[in-house]
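Numbered from 1 within each chain, the chains take letters A, B, ... in sequence-line order.
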Protein chains: 2
Amino acid sequence: MATHQTASTTSVLRVMNERAVFGEIFRLGPVSRPELAQATGLSKPTISVALANLGRAGLVREVGLRAGPAGRSALLYEARPEAGWVLAVDIGRAFVRVVLANLAGTIVTRVDDPSGSRNPTDLLAQLTRLADRLTAEVGIGRADVTLAVFGTPGIHDKETGALHLAPNLPGWEQPGAVDRFSTVSSSPYLVENDVDLAAVGEATYGLGRGVAHFAYVSIGTGTGMGIVIDGKLYRGARGCAGEISYLPIGEGDPLQADPTAARRGMFETVASADGIVAAAQRLGWAGATSAKEVFDAARSGDPIAERAVEVEVNHVAHALAAVTAVLDLELIVLGGGVGVQGGDLLIGPVQDRLRHLVALQPPRIEVSTLASDAVLTGAVAVGVTAARDLVLDRMVATNT
Amino acid sequence: MATHQTASTTSVLRVMNERAVFGEIFRLGPVSRPELAQATGLSKPTISVALANLGRAGLVREVGLRAGPAGRSALLYEARPEAGWVLAVDIGRAFVRVVLANLAGTIVTRVDDPSGSRNPTDLLAQLTRLADRLTAEVGIGRADVTLAVFGTPGIHDKETGALHLAPNLPGWEQPGAVDRFSTVSSSPYLVENDVDLAAVGEATYGLGRGVAHFAYVSIGTGTGMGIVIDGKLYRGARGCAGEISYLPIGEGDPLQADPTAARRGMFETVASADGIVAAAQRLGWAGATSAKEVFDAARSGDPIAERAVEVEVNHVAHALAAVTAVLDLELIVLGGGVGVQGGDLLIGPVQDRLRHLVALQPPRIEVSTLASDAVLTGAVAVGVTAARDLVLDRMVATNT
DNA sequence: CGAATTTCGTTAGAGACCTTGCCAAATGGC
DNA sequence: GCCATTTGGCAAGGTCTCTAACGAAATTCG
């Protein structure tokens, strides 16, 4: 770390330019040399040599001709999608979802497998089996995967390799457990919180496109938030940013309660699916069993269910008020089981309530359109971005 | 925005390298050519031409010789502090503070002037007078100021040029009012929220040095928070990030209260200096007049004052719990009148309470060491960073 | 159907920058 | 006073990019 952002010899310039060309090819799709010259500001000969290098490395290929209104037709170039493969994994509550995506970000194969035993050894065996199956379908081996991305609940402690705050994954809190993901693909891999990935997915392919600062708030069996700042995922000092489960919001006066009682009035316990059911029961509907049921009843005008939704609105609005006061976001996308199924009932009232709670201009609030695929989508987005850098780095290394 | 981070011709390389050399000179202090070569990774001849260019532009000068254990003594170079001047202004409640700092960041002259009439016209006249006085002391004119930085309460709306949420600055909420700062120095200027500047000051010269993610929480006559993420100030979508005044924290059950009552239970009303006095009065000390008085009484064991401090601890802990759940910071620095004067009584109990409120590892909490100079310090830090870029840009422009 | 026109791609020459390698100058120790 | 050591400067060489010009391909118009 002697030098911060320094640069030196003239050959780094070539690498920078090749990087820029590669990026523009992704951004613009099939594109001609003159268009690349205009987009990058480079001259035609420079574009030509960059394309030659990228082509020799197998990252770019000719893809046809474009006829203009007059004059010679231009050769079109595109990134070779098979130049890299991303294995994206969503370790969900009921299902393990795995997809294989190419460098263009298109998902080529996919499998949803019911969760079996979730201890590290069994889960890793399941993932390895699924990875084998998917790669075979495409005609590559597990070793040809450029990068694997694993979306898990909880917080990945990079120091110890343990997974914290993930009670549904027994055994993964052991030091070094997360490092065993390396056995699945024998290639570089990333481990990210599932809600964080969903936020990236929403930022790349969903409603968050083009929004500088936004957050994805997931409410389901649990609660969580992924924060995107300046288009980049914000993880916090220890990876715990957005752990809104612990927001001090709940019934009763927090100041009167026993100050030593831990976890009282946590957002998660009152606002998650179970919290909604509990609220309905407390309000007189003893037989309430699921959040979906409560939302359906509220839609048909049941007064107790309506009141339960009102309570949920209040909780969510308080949480988002805290988020707004701290982060001043442009957009909040609501996801998770409760967020998606009850979004139509929640969004309007939450926004109204929010306007009263904070005198600031509240963020736009929308319901996720990616639904249960948000995590996978985000894993692909993260993986493709990193994989593009990887294949370029590899090209530069071999050209030494 | 055709190109994102692209680069092209070979001459940008020279600029990048000169920039790197200039930065290293600041980082390392008086430094020899071989040391610069090592630090930047550039060769000796390149360092020499870069220094020649920087010297010709008046940004760098020779400053002496360093004799090593053996061999020829090396010429030392340093940045010329007079190559740029920063005018930093803190528009505080009782005082207007103005300093003139050189490019090295050392404050050369300073004046603290009691706040008079605070409407734009009068305040600008006062500032212009003070700027004239300070520049004259250094032997330069107001036009020689490289950059001016104004720290104000409230939020600067860059679209309209209005200052929002600053009730103590009457007339400044008019569109275009903030643009009139240009009359003070006739040079480029920046307008930042005062608490945000304090956060930058703490990050550059205070306890936040080297901390990636931290926040400066100010509690005084009002409340506010400045957020530094990845060493950079985070402003939010509309510049309102860190407006913790509007955190929904307060007495009573927010769910039982009238949902339409705006601003009820705001953090600022309960936790600011007035809030502490009100709490003491409510607890039975009818004659309480100032927060300082309450803290002093608590230190001498007065039970009512102790209970009032306990209430304040609870409020602050709840606010910081919300901040921690959202941002997962490494460090929170406490500032402002209440934060500095009552910090010794607050920090320990707040940290204890915080541990119970969030199951996460709470951030370190410390009392600001910069005290009332935090805003000015931050304004200087912001200004010096920007001014260094400015003088370099100017050099590059003249060398075209 | 052929020529003019327009656009594309390549080649050649030149400029800018950085680096390696060598030599002179200066300093402290033996 | 000489020598090892480090600094500073100079020249030559290499890499990259740009401009300018030329040949190639495709369309339009006569």
J.: Taking ring-ring contact (aromatic ring centres under 6.0 Å, His included) as the definition, give me every residue that meets it alongside A:Y234, ordered by chain and number, with sequence neighbours left out.
T.: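 Only B:H213 meet the ring-ring contact (aromatic ring centres under 6.0 Å, His included) criterion with A:Y234.
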J.: Which residues pass the side-chain hydrogen bond (donor to acceptor under 3.5 Å, both in side chains) test with A:S32, sequence neighbours left out?
T.: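 For A:S32 the side-chain hydrogen bond (donor to acceptor under 3.5 Å, both in side chains) partners, ignoring immediate neighbours, are A:E35.
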J.: What is the distance from CD1 of B:I47 to P of C:dC17, rounded to the nearest Å?
T.: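 After rounding, the reported distance stands at 15 Å.
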J.: Have a look at the helix from C:dG9-D:dC22 to C:dC30-D:dG1 and give the angle its two end axes make, five pairs each, rounded to 10 degrees.
T.: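 Computed angle between terminal axes is 0°.
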J.: Is any side-chain nitrogen or oxygen of A:S11 closer than 4.0 Å to OP1 or OP2 of C:dC18?
T.: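 No, no such contact exists.
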J.: Where does the angle between the aromatic ring planes of B:F150 and B:Y189 fall among parallel (under 30°), tilted (30 to 60°) and perpendicular (over 60°)?
T.: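 Correct class here is perpendicular.
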J.: Which residues in residues 55-62 of chain A have at least one heavy atom lying under 4.0 Å from any atom of DNA chain C?
T.: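 Heavy-atom cutoff 4.0 Å gives no residues at all.
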J.: Quick one: A:R66 CZ to D:dA26 P, roughly how many Å, whole number?
T.: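 About 15 Å, once rounded to whole Å.
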J.: Could you tell me the separation between the CG atom of B:N17 and the P atom of C:dA16, rounded to a whole number of Å?
T.: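 Result: 17 Å.
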J.: Filter on salt bridge (Lys or Arg N to Asp or Glu O under 4.0 Å), then keep only pairs touching residues 36-54 of chain A, sequence neighbours left out; what's left?
T.: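 As it turns out, there is no salt bridge (Lys or Arg N to Asp or Glu O under 4.0 Å) pair with a partner in residues 36-54 of chain A once direct neighbours are skipped.
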J.: CG of A:L13 versus C1' of C:dT19: gap in Å, rounded?
T.: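 That distance rounds to 15 Å.
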J.: Nearest 0.5 angstrom please: A:L392 CG to A:N53 CG, how far?
T.: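 It is 10.5 Å, given to the nearest 0.5 Å.
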J.: Report all interatomic pairs (protein N or O, nucleotide N or O of nucleotides 4-10 of chain C) with separations under 3.5 Å.
T.:
from	atom 1	to	atom 2	distance (Å)
C:dT7	O2	A:R72	N	3.2
C:dC8	O2	A:R72	NH1	2.9
C:dG9	OP1	A:L75	N	2.8
C:dG9	N7	A:K44	NZ	3.4
C:dT10	OP2	A:R33	NH1	2.8
C:dT10	OP2	A:S48	OG	3.2

J.: For A:Y205, check ring-ring contact (aromatic ring centres under 6.0 Å, His included) against everything at least two apart and list the hits.
T.: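 Partners of A:Y205 by the ring-ring contact (aromatic ring centres under 6.0 Å, His included) criterion come out as none, since no residue qualifies.
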J.: Without decimals, in angstroms, what is the distance between A:R14 CZ and D:dC18 P?
T.: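 Checked: the CZ to P distance equals 14 Å.
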J.: Among residues at least two apart in sequence or on other chains, which ones pass side-chain hydrogen bond (donor to acceptor under 3.5 Å, both in side chains) with B:D393?
T.: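 With neighbours one apart ignored, the set is B:R19.
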J.: Can you list the residues that meet the ring-ring contact (aromatic ring centres under 6.0 Å, His included) rule with A:Y77, with sequence neighbours excluded?
T.: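 A:Y77: no ring-ring contact (aromatic ring centres under 6.0 Å, His included) contacts found.
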J.: The criterion is side-chain hydrogen bond (donor to acceptor under 3.5 Å, both in side chains); which residues satisfy it with B:S187, sequence neighbours excluded?
T.: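 Partners of B:S187 under the side-chain hydrogen bond (donor to acceptor under 3.5 Å, both in side chains) test: B:S185.
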J.: Separation of B:L51 atom CG from D:dT7 atom C1', in whole Å?
T.: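 About 13 Å, once rounded to whole Å.
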J.: Are OP1 or OP2 of D:dC18 and a side-chain N or O of A:T46 less than 4.0 angstrom apart?
T.: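 Yes, such a contact exists.
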J.: Has A:S43 got a side-chain N or O lying under 4.0 Å from the OP1 or OP2 atom of D:dC18?
T.: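 Indeed, a polar side-chain atom of A:S43 lies that close.
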J.: For B:R72, check side-chain hydrogen bond (donor to acceptor under 3.5 Å, both in side chains) against everything at least two apart and list the hits.
T.: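 Applying side-chain hydrogen bond (donor to acceptor under 3.5 Å, both in side chains) to B:R72 gives none.
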J.: Sequence neighbours excluded, which residues qualify as salt bridge (charged side-chain N to carboxylate O under 4.0 Å, His left out) partners of A:D144?
T.: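 None.
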